[in-house]
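Shown next, in structure tokens, is the structure this report addresses.
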Number of protein chains: 2
Amino acid sequence: MKPTVHDIANIAGVSLATVDRVLNGRPGVRLVTRGKVEEAIASLGYVRDLAAANLAKSRTYSFVFILPANDNSFMIGLTEEVRGAVARSSFERTDIRIVDVPPFDPDALVAALEAALAEKPAGVAFVAIDAPEVRAAAERLRQAGIPMVTLVSDLPDSSRDHYAGIDNIAAGRTAGSLMGRFLSGPFLGERGATVAVLAGSMLVRDHRERLEGFSTVIAQAYPNVHILPVLEGRDDPVLAETMIADALRRNADIAGIYSLGAGNRGLIRALQKARGPRRPLVIAHELTASTRVALADGIIDAVLNQDAGHEVRSAIRVLKAKADGLPVLAAQERIRIDIFLKDNLP
Amino acid sequence: MKPTVHDIANIAGVSLATVDRVLNGRPGVRLVTRGKVEEAIASLGYVRDLAAANLAKSRTYSFVFILPANDNSFMIGLTEEVRGAVARSSFERTDIRIVDVPPFDPDALVAALEAALAEKPAGVAFVAIDAPEVRAAAERLRQAGIPMVTLVSDLPDSSRDHYAGIDNIAAGRTAGSLMGRFLSGPFLGERGATVAVLAGSMLVRDHRERLEGFSTVIAQAYPNVHILPVLEGRDDPVLAETMIADALRRNADIAGIYSLGAGNRGLIRALQKARGPRRPLVIAHELTASTRVALADGIIDAVLNQDAGHEVRSAIRVLKAKADGLPVLAAQERIRIDIFLKDNLP
DNA sequence: CTGTTAGCGCCTTCAA
DNA sequence: TTGAAGGCGCTAACAG
């Protein structure tokens with residue numbers, strides 16, 4: 001039989017209340033008494049029953065999720081996943097509030113973090129923007145003892161407790177390897193091949209990191225692949241379509257395209273229209289309705305993906321664990337870089 | 001405030017005990033009374049608090065995991081993951097018993113299933129062998145109302161409630177696509193390329209399915225790739241090494257190797273020794289200590305993997321849900337076909 | 001400083 | 001067929 005607070009009380013010769021005070025580190029216990037109780041706890045190998053504790057406290061974990069009101073499929077999907085968690089909240093003892101903020105706006109994010117701080121939730125998850133003022137706001141939350149998880153985009157060297165997202169440098173490297181190997185056959189002649197890169201903005205960290213990883217691998221392992229200057233499509237389908245169409249027109253020998261941001265609908269449209277003699281090899285990020293179809297149709301060759309559902313569930317698990325001072329299972333919380341070919345689509 | 005059994009009792013004008021009887025479908029309630037209670041439940045939108053219920057029952061979920069005592073790294077890792085779950089069992093209200101059975105032995109598996117049935121656990125997970133007597137034993141468990149999950153290897157068209165493992169046909173297809181694309185460049189000349197396949201045994205379903213997927217894609221999309229007769233290494237490192245060494249010696253023009261089973265240590269040793277003019281392209285299954293090193297060293301080009309930790313955690317979650325008659329989150333329980341290049345190693 | 005007591009939401013005797 | 005009362009393991013007033 002697992003030991004309970006009663007057993008501790010008996011062995012230590014104190015009352016339940018005192019045991020509880022010690023267990024929860026509350027003041028008002030003499031040092032000697034505390035010692036006796038802690039001894040009993042250790043000797044019994046006691047572990048508290050969290051479910052019972054939460055029942056007694058009628059506790060619900062109140063979390064705030066701050067999400068950019070971006071209208072690309074990935075962010076919409078992410079928000080959808082959080083909504084799903086909200087729907088399940090009654091079963092999971094959570095109370096999740098979703099806060100929308102304008103995208104790419106550090107000040108708005110800071111304001112949202114401040115607002116969250118004011119209501120003292122049990123935890124906060126947010127899609128970070130890598131800016132000093134955001135880092136400062138995060139530090140204030142930490143001072144207040146509020147667990148924090150960054151989602152999708154990290155805030156390194158900050159006081160966040162955990163990052164629920166992929167390693168974007170590794171993702172870029174993976175894209176680079178795939179590009180290099182896939183190109184090797186049909187495209188790479190004596191004079192090498194040319195590759196275009198479509199990003200959202202070089203201001204956001206994930207995009208910079210993906211490009212960095214990609215460029216590194218290409219330079220090291222595929223020196224005869226030439227990368228054109230980055231196109232910044234601001235994750236906007238219309239802009240992306242124009243830029244890709246232009247690039248294909250000006251540069252007839254583009255053999256590959258790496259789309260490392262969102263807004264792939266525009267890219268796909270441009271590719272569908274510009275049917276040249278030989279279609280370029282395309283690697284894109286995020287499995288959405290449009291990239292899925294493009295992959296199945298052979299317009300896109302590979303999709304790198306981060307599982308938004310996993311990220312959201314992981315963020316919640318981690319916030320709960322941090323709120324309770326419990327350890328997390330690192331292996332369970334690692335967000336994979338999924339590689340999808342048309343053959344392993346879920 | 002969430003409605004409780006008290007609210008139901010008040011509205012229906014009955015006692016808590018009666019409410020409980022209705023909630024748990026126990027006999028001893030007049031039809032009219034039952035009707036009143038059910039009406040109150042519906043009108044309140046009541047959902048029971050599982051944690052409180054389990055506390056009151058001091059319930060622990062007793063599960064049996066039947067695992068083949070295979071000595072390859074993957075099975076050892078799988079067992080390790082179950083051990084991890086056993087270690088966490090006090091926190092998760094589970095009581096997991098691990099039963100080892102000789103590998104590839106349907107009768108032993110049937111005996112283990114019978115033994116499990118005898119002790120009436122809350123659920124059973126097992127690595128299936130695709131045989132009629134196993135299917136029959138599974139049916140007996142289902143008759144007894146014991147939830148069942150197949151792990152890693154499925155038992156299709158049977159009475160198992162869930163399969164925690166990957167789609168092996170899709171895995172084979174994925175390997176085929178990668179092989180075809182990777183080969184296209186450096187190897188595929190006018191006269192095509194030759195590929196060897198190393199399997200454990202064509203008697204186990206996963207291996208058959210992987211080969212099927214692989215062959216299909218190669219035949220359809222890469223007709224000038226020629227697949228040699230399958231080598232069955234029985235997942236034995238020593239045997240595998242001999243077979244691969246032999247094959248490389250006899251067939252100097254082997255351009256690629258697909259290792260779809262376990263026992264990759266032997267494969268790797270053979271490759272290290274047989275340094276020909278140009279090393280073959282290698283795709284293997286399961287990320288283990290040895291395949292990881294081989295991938296990093298460039299001896300293996302890609303590893304397809306199933307996350308054993310995820311499979312075990314998923315099996316437990318599903319068994320719990322089935323035991324409680326609750327739905328499962330399909331997206332969370334889907335086991336991915338992970339593709340690892342040296343760039344996205346965890 | 002310490003103990004008593006009454007719950008949290010649900011289940012389970014036992015008695016009526 | 002129904003209800004009253006006690007308890008699961010833990011917490012939180014409120015007294016001493």
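Note that the coordinates shown come from a computational prediction; the quantities given were computed from them, not determined experimentally. Below, chains carry the letters A, B, ... as their sequence lines are ordered, and counting in each starts from 1. Values below: all heavy atoms of this structure, side chains included; hydrogens, waters and symmetry mates excluded.
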Would you mind classifying the nucleic acid contact of D49(B) as base, sugar-phosphate or nothing, using non-hydrogen atoms under 4.0 angstrom?
-> sugar-phosphate
With sugar-phosphate meaning primed atoms plus P, OP1 and OP2, does V14(B) contact a base, only sugar-phosphate, or nothing at under 4.0 Å between heavy atoms?
-> sugar-phosphate
Only residue of D157(A), D130(A), D154(A) satisfying salt bridge (charged side-chain N to carboxylate O under 4.0 Å, His left out) with R135(A) is D130(A)
Return the 5'-most residue of the pair V32(B), P3(A) with respect to DNA chain D, ranking by each residue's nearest nucleotide.
-> V32(B)
Determine the minimum heavy-atom distance between R336(B) and I166(B), stating which atoms define it.
-> O-CG2, 3.3 Å
In Å and rounded to the nearest 0.5 Å, what is the CG to CE distance from L155(B) to M148(B)?
-> 9.0 Å
Rounded to the nearest 0.5 Å, the OG1 atom of T150(A) sits from the CZ atom of R160(A) at a distance of 5.0 Å
Return all side-chain donor-acceptor pairs below 3.5 angstrom for residues 94-101 of chain A, not counting sequence neighbours, or 'none' if the list is empty.
from: R97(A); atom 1: NE; to: E119(A); atom 2: OE1; distance (Å): 3.4
from: R97(A); atom 1: NE; to: E119(A); atom 2: OE2; distance (Å): 3.3
from: R97(A); atom 1: NH2; to: E119(A); atom 2: OE1; distance (Å): 2.5

Atom-pair distance (CG on D324(A); C1' on dC10(D)), nearest Å = 14 Å
Select base, sugar-phosphate, or nothing to describe what R34(B) touches, counting heavy atoms under 4.0 Å on all strands.
-> nothing
Protein-nucleotides 4-8 of chain D N/O pairs closer than 3.5 Å?
from: dC8(D); atom 1: O2; to: A56(B); atom 2: N; distance (Å): 3.1

Approximate separation, where rounding is to 0.5 Å, of L67(A) CG and I76(A) CD1 = 12.0 Å
Across all chains, not counting sequence neighbours, the salt bridge (charged side-chain N to carboxylate O under 4.0 Å, His left out) partners of E38(B) are none
DNA chain C contacts among residues 87-94 of chain A, heavy-atom distance under 4.0 Å | none
Which is true for N54(A) with a 4.0 Å heavy-atom rule: it touches a base, it touches only sugar-phosphate, or it touches nothing?
-> nothing
Output yes when K36(B) and E39(B) qualify as a salt bridge under the 4.0 Å nitrogen-oxygen rule, no when they do not.
-> no
First-last contacting nucleotides on DNA chain C - partner chain A, under 4.0 angstrom, heavy atom | dC1(C) to dG9(C)
Please determine if D324(B) and R59(B) form a salt bridge, counting it only when a charged side-chain N lies under 4.0 Å from a carboxylate O.
-> yes
Sequence neighbours left out, cut at 3.5 Å: what donor-acceptor pairs do the side chains of residues 46-57 of chain B make with other protein atoms?
from: R48(B); atom 1: NH2; to: N24(B); atom 2: OD1; distance (Å): 2.6
from: D49(B); atom 1: OD1; to: A51(B); atom 2: N; distance (Å): 3.0
from: D49(B); atom 1: OD1; to: A52(B); atom 2: N; distance (Å): 3.1
from: D49(B); atom 1: OD2; to: R93(A); atom 2: NH1; distance (Å): 3.2
from: D49(B); atom 1: OD2; to: R93(A); atom 2: NH2; distance (Å): 3.4
from: N54(B); atom 1: ND2; to: Y61(B); atom 2: OH; distance (Å): 3.1

N305(B) side chain to L287(B) backbone, donor-acceptor under 3.5 Å | yes
